Amino acid sequence: MTINYNKEIMTSHPWTFFLLLFKWKGSIWKAVYMETIIFLICYGIISVIYKTAMGEPSQRTFESVVRYFDKRLSYIPLEFVLGFFVTTVVNRWTKLYQTIGFIDNVGLMANLYVRGATEKARIYRRNIMRYCELVQVLVFRDMSMRTRRRFPTMETIVAAGFMNKHELELYNSYDTKYNSKLGTKYWIPANWALCMTYKARKDGYIESDYFKAQMEAEIRTWRTNIEWVCNYDWVPLPLMYPQLVCLAVNLYFLVSIKIVDEVDVYFPVMTFLQFIFYMGWLKVIDVMLNPFGEDDDDFETNALIDRNITMGLMIADNPMTTPDLRKDPFYDEVDVPLLYSEESSHIPNHHYHGSASEVRLENRGSAPVMMMPHSQSAANLQRIMSFKSVDDEEKPNLFSMSHDDSRMRNWREVSLDSSFLTDLNENKDWKIPTNLQKY
């Protein structure tokens, strides 16, 4: 099952992560203890042979060989290979978790759009939910050993209530020479669910075509997410990639199983720690590469199936049941009383404030802040200069002035003095056209 340790790390303390080191189930110790024992046994055997069975010339030869490999261990880019592969595997794992399938939205849409308290309306809602969940059951049965053990045959799915006998007969009737080769018919229950929405619309349980389209869109989203999970199982990472990582880690420690330094030690402390870290890293990859197995931290597919079918049918059986429309408890309150328990009332709250919200920019002098175009905006300046003077009434209908143009013309008349033009003209990025200098 998935190991949950969120309670232990809810509050940060100096000893928080040290407490996690004493857990066994799902831990790094459980993952690498067998490889560590084998590594130490091999180290001990080589150490005994080196100390007791080798003569001095043989020891010198052995030390030369070991030093040769020790100097060249850096040729294996272990950190890069492991780090890049872990990143790739974690991204795949995250995508799988996001698309693994929670049926709540389908149930809520069915409850909202397939309306009515009659028995037939309830059957429509329950069948839509059951068919959607059947898609997940069929996919998980072919991907997860936990679900495969639960449903070893299609008849066990019928016995568990996810399928009726006549539905299984109809499901098996789709067998053709193409399906027998492809081996997947996950689309059939999804098609049944979509057909249920069409029939519900024809029978008047769905009030409009828009509601029907929304219901169908939610079913398609559910099916697409399950298809993503199926595709990730169908096309794993290229085999050479995990082979390369496994080969790099194991060869690295095969070479460093007996590194002779100036002082020979009976227990390789630093090599032992290095082995724990790198082999643990490899085990993280091993666990996350396929989270549909039976490891401690793999996905609980059976629990998810139970949760979805229970939640979906519960939502389907309670159509449009909402509380009576009444005033809320704060309806007559000017200031809403923010109440806490006695214990939490003494814990200070830190409400959100924008990072620059408390910065006060004072005006220089008593003059109001004047808005103007940016100093590098030549287009704006040309536009201002092209406006007609307020006193010029010779051709009043040549153009109409928008509100923004009016503001820019007023700015020209009030604030475009010669000193400002001089400052703009000295800017190296642009230059005021010669025909505008007279202004």
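Source: prediction; values computed, not measured. Values reported hereafter were calculated over all heavy atoms of this structure, with side chains retained and with hydrogens, waters and symmetry mates removed.
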Within 45 degrees of the ring normal and closer than 6.0 Å to the centroid, is that where the cationic atom of K95 sits relative to Y232?
no

Polar side-chain atom of D203 near backbone of Y205 as donor-acceptor pair, under 3.5 Å:
no

For N250, give me all partners under side chain to side chain donor-acceptor pair (under 3.5 Å), at least two apart in sequence or on another chain.
none

Can you find a side-chain donor-acceptor pair between T221 and T224 that sits under 3.5 Å?
no

Among Y124, W187, W192, find the residue that satisfies the ring-ring contact (aromatic ring centres under 6.0 Å, His included) test when tested with Y131.
W192

Does the side chain of E207 come under 3.5 Å of the side chain of Y113 through a donor N or O and an acceptor N or O?
no

For the residue pair Y278 and E79, confirm or rule out a side-chain donor-acceptor distance under 3.5 Å.
yes

Does the gap between the ring centers of F151 and F162 come in under 6.0 Å?
yes

Please name the residue in the list T87, V86, T88 that meets the side-chain contact (heavy atoms from CB on, under 4.5 Å) test with V90.
V86

So how far is it from R122 CZ to N318 CG, rounded to the nearest 0.5 Å?
9.0 Å

Check: I219 and R223 side chains under 4.5 Å, non-hydrogen atoms:
no

Treating N225 as the side-chain partner and T99 as the backbone partner, does any N or O pair qualify as donor plus acceptor under 3.5 Å?
no

